[in-house]
S.K.: 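What follows is a single structure, and I will ask about it in a moment.
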Protein chains: 2
Amino acid sequence: MSKGDSTKRVILDEATEIASKVGLQGLTIGTLATRTELSKSGLFAHFRSKESLQLDVLRHARERFVDLVVRPALAAPRGERRVRALFEHWLAWCRGDVLGGGCIFTAAAAEFDDQPGPVRDLLVNDERDLADTVAQVFRTGITEGHFRAEADPYQFAQDLHGILLAYIHSARLLGDPMAEQRAARSFEALLAAAR
Amino acid sequence: MSKGDSTKRVILDEATEIASKVGLQGLTIGTLATRTELSKSGLFAHFRSKESLQLDVLRHARERFVDLVVRPALAAPRGERRVRALFEHWLAWCRGDVLGGGCIFTAAAAEFDDQPGPVRDLLVNDERDLADTVAQVFRTGITEGHFRAEADPYQFAQDLHGILLAYIHSARLLGDPMAEQRAARSFEALLAAAR
DNA sequence: GCCCAGACCGAACGATCGTGCTATAAGTTG
DNA sequence: CAACTTATAGCACGATCGTTCGGTCTGGGC
C-alpha cells in the first residue's frame, strides 16, 4: 500500500471517530488536521472537497460495519441463530464498542434526512442495503421453518431497526441503565411474534 | 403582549422550522435573520447568545409538542383509547404535519447525544418527561384493566418510541411509502402483546 | 405632546470555515 | 543514484460564523 493510502486510512479512522460524535457537518477540516497532526492543506489534498471527505467517511464506516456486524452475523447458522447474531453485533455497534460516538449512520441520517445531495444519496443507498440484508436474513429464517411463512421480512426489518434506535435513544441520550435489557426483551418479543 | 415578545415568537417559529431541517447547530443567526427579514444584530439582541437561542427553540418546540400531541391525547378517554390517541398525534408530528423537517427533538437528540452542555441537558429533561408521560398514560391503561398488570410501562415507552423512530427513518430518509402502514402494524402488535 | 425604555440597524471585530496556489520534502520506480 | 511522482507544508483568499458597540427610530405611559 502506498504512503498516501496508508495516511488516508489513518485520517479516515480519526474522521469516522470524530463524525460519530459531532456529525458529518460538525466534522471540520481544521480540527481533523489538528487531530491527525497534519497541515490543513496537506490533509485537504487527499480529498478534493469536504463533501468528498464526507462520502469517504461514510464508505469507510460502511466497511467497518460490514466487517464487524454483517459478516460475523452471516457466519452464524441460517435461521433464528443468524438473526440473533445480527442483532447482537448490531447492538454492540450501537453501544459504541467500535466508535466512541455510537452509530455514525444514525447520526448522519438525522443530519441529512432533509438535505438533498450526494451524501444523502449515498446514505440512503447504504441504509436500503442494510434493510435488504436484514430482510434477507429473516427470510432464510422462514425457509428454515423457524418463522411463520406469512411474516413480512421488511416489517421485521423496520421493527428491528426501531428496537436499535430506541436503545440508542434511551442508553446514549437518557443514560438509562435498563435500556439494553429492554432492547433484549423487545427483541425476544419480536422473535416470539414471528414464530 | 409587548412588541418584543411578538417578534420573538415570529423568530422562534421560523427558527424551529429551520432547525427541524438542518438541526440546532445548522441553524445560523445569519440565515435566520434573512428569513425573518431582520438585521443580524437586531435579531441577536433578542437572545444574548446562540446557545440561548437554541434553548429557546427547544422550549418553543416543546410547547408546540405539548399543545399538538400531549394535550389532545390526554383529552381522550383513559386507557387504550388514550394510548391510541397519543400514538396517532405523535405519528402526525413525526410525519412533518407541523414542522417541515419532521421531529426536531429526534434531530437534536442525534446532534447532542455526545456533546455535553445546557442544550443537551434541557433535551434530556424534555425526553425524560416524555418517557414519563408515555409510561403514565400506559399505566392508566393497566388500572383501567385494558393491559396486563405485569406489563412494564417504561418497556412500553421505549418500544413505542422505537416504532416512531423507525417510522421516521423509513419514511423520511428511505422514502418508503409503506413505512406508516408498518408503524401502525407494529403498534397494533405492541398493544396486542400488552393485553 | 414629551420622554424614555427598548426594539432595531449598520458596521465592524476576530475566529474559523472550505479552498486554492506554490514550493519543498519524501517516496517510488527505473 | 537519477528521475519522476506524490505527499505534505506554508500562506493567503473570500465567505461566514457568533458577537459587540454606538446610534437611530418608535411605541406607550405620564
S.K.: Write out all pairs satisfying salt bridge (Lys or Arg N to Asp or Glu O under 4.0 Å) with one or both partners inside residues 29-54 of chain A, taking only residues at least two apart or from two chains.
M.R.: A:Glu14-A:Arg35

S.K.: Within the supplied structure, the quantity of interest is the number of heavy atoms (other residues, nucleotides, ligands) at a distance under 6.0 Å from B:Arg81 CZ; does it exceed 12?
M.R.: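 At most 12 heavy atoms, drawn from other residues, nucleotides or ligands, come within 6.0 Å of this atom.
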
S.K.: Quick one: ring-ring contact (aromatic ring centres under 6.0 Å, His included) pairs with a partner in residues 107-143 of chain A, sequence neighbours left out?
M.R.: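 The answer is A:Phe138-A:Phe147, A:Phe138-A:Phe156.
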
S.K.: In whole angstrom, give the distance that lies between atom NZ of A:Lys8 and atom P of D:dT8.
M.R.: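 Computing the A:Lys8:NZ to D:dT8:P distance gives 11 Å.
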
S.K.: Test: side chain to side chain donor-acceptor pair (under 3.5 Å). Region: residues 104-113 of chain B. Which pairs qualify, not counting sequence neighbours?
M.R.: none

S.K.: Using the 3.5 Å cut-off, write out each protein N or O paired with an N or O of nucleotides 3-5 of chain C and the distance between them.
M.R.:
none

S.K.: For the helix from C:dG1-D:dC30 to C:dT28-D:dA3, what angle lies between the axis at the first five pairs and the axis at the last five pairs, to 10 degrees?
M.R.: 10°

S.K.: Expressed in angstrom and rounded to an integer, what is the separation of A:Leu43 atom CG from D:dT6 atom P?
M.R.: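 A:Leu43 atom CG is separated from D:dT6 atom P by 19 Å.
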
S.K.: Which residues pass the salt bridge (Lys or Arg N to Asp or Glu O under 4.0 Å) test with A:Asp126, sequence neighbours left out?
M.R.: A:Arg62

S.K.: With sequence neighbours left out, which residue pairs that include part of residues 186-195 of chain B fulfil the salt bridge (Lys or Arg N to Asp or Glu O under 4.0 Å) condition?
M.R.: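 Residue pairs passing salt bridge (Lys or Arg N to Asp or Glu O under 4.0 Å), neighbours aside: B:Glu80-B:Arg195, B:Arg84-B:Glu188.
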
S.K.: At under 4.0 Å between heavy atoms, how does the protein contact nucleotides 10-21 of chain C? Give one character per nucleotide, 5' to 3', with B, S or -.
M.R.: BB-----BBBB-

S.K.: Is there any salt bridge (Lys or Arg N to Asp or Glu O under 4.0 Å) pair reaching into residues 131-151 of chain B, and which pairs are they, with sequence neighbours excluded?
M.R.: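 Passing the test, one end in residues 131-151 of chain B: B:Arg78-B:Glu144, B:Arg148-B:Glu150.
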
S.K.: Measure CD/B:Glu37 against C1'/C:dA7 and give the value in whole Å, please.
M.R.: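 About 17 Å, once rounded to whole Å.
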
S.K.: Please state how far atom CG in B:Asp5 lies from atom C1' in C:dC8, giving the value in whole angstrom units.
M.R.: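 Distance check: B:Asp5 CG to C:dC8 C1' gives 15 Å.
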
S.K.: Please, which pairs that meet ring-ring contact (aromatic ring centres under 6.0 Å, His included) have at least one residue in residues 168-195 of chain A, sequence neighbours excluded?
M.R.: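 Listed by first then second residue: A:Phe87-A:Phe187, A:His169-B:His161.
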
S.K.: How would you label the contact of B:Leu38 with the nucleic acid (heavy atoms, under 4.0 Å): base, sugar-phosphate, or nothing?
M.R.: sugar-phosphate

S.K.: Does a side-chain N or O of B:His46 approach OP1 or OP2 of C:dC8 to a distance below 4.0 Å, or not?
M.R.: yes

S.K.: Of all residues at least two apart in sequence or in a different chain, which pass the salt bridge (Lys or Arg N to Asp or Glu O under 4.0 Å) check with A:Arg95?
M.R.: A:Asp97, A:Glu180

S.K.: What are the two closest heavy atoms between A:Val57 and A:Ala15, and how far apart are they?
M.R.: CG2-CB, 3.7 Å

S.K.: Between C:dC8 and B:Thr7, is there an OP1 or OP2 to side-chain N/O distance shorter than 4.0 Å?
M.R.: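 Looking at the OP1 and OP2 atoms of C:dC8, one of them is under 4.0 Å from a side-chain N or O of B:Thr7.
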
S.K.: Using the salt bridge (Lys or Arg N to Asp or Glu O under 4.0 Å) criterion, which residues pair with B:Glu127? Sequence neighbours excluded.
M.R.: none

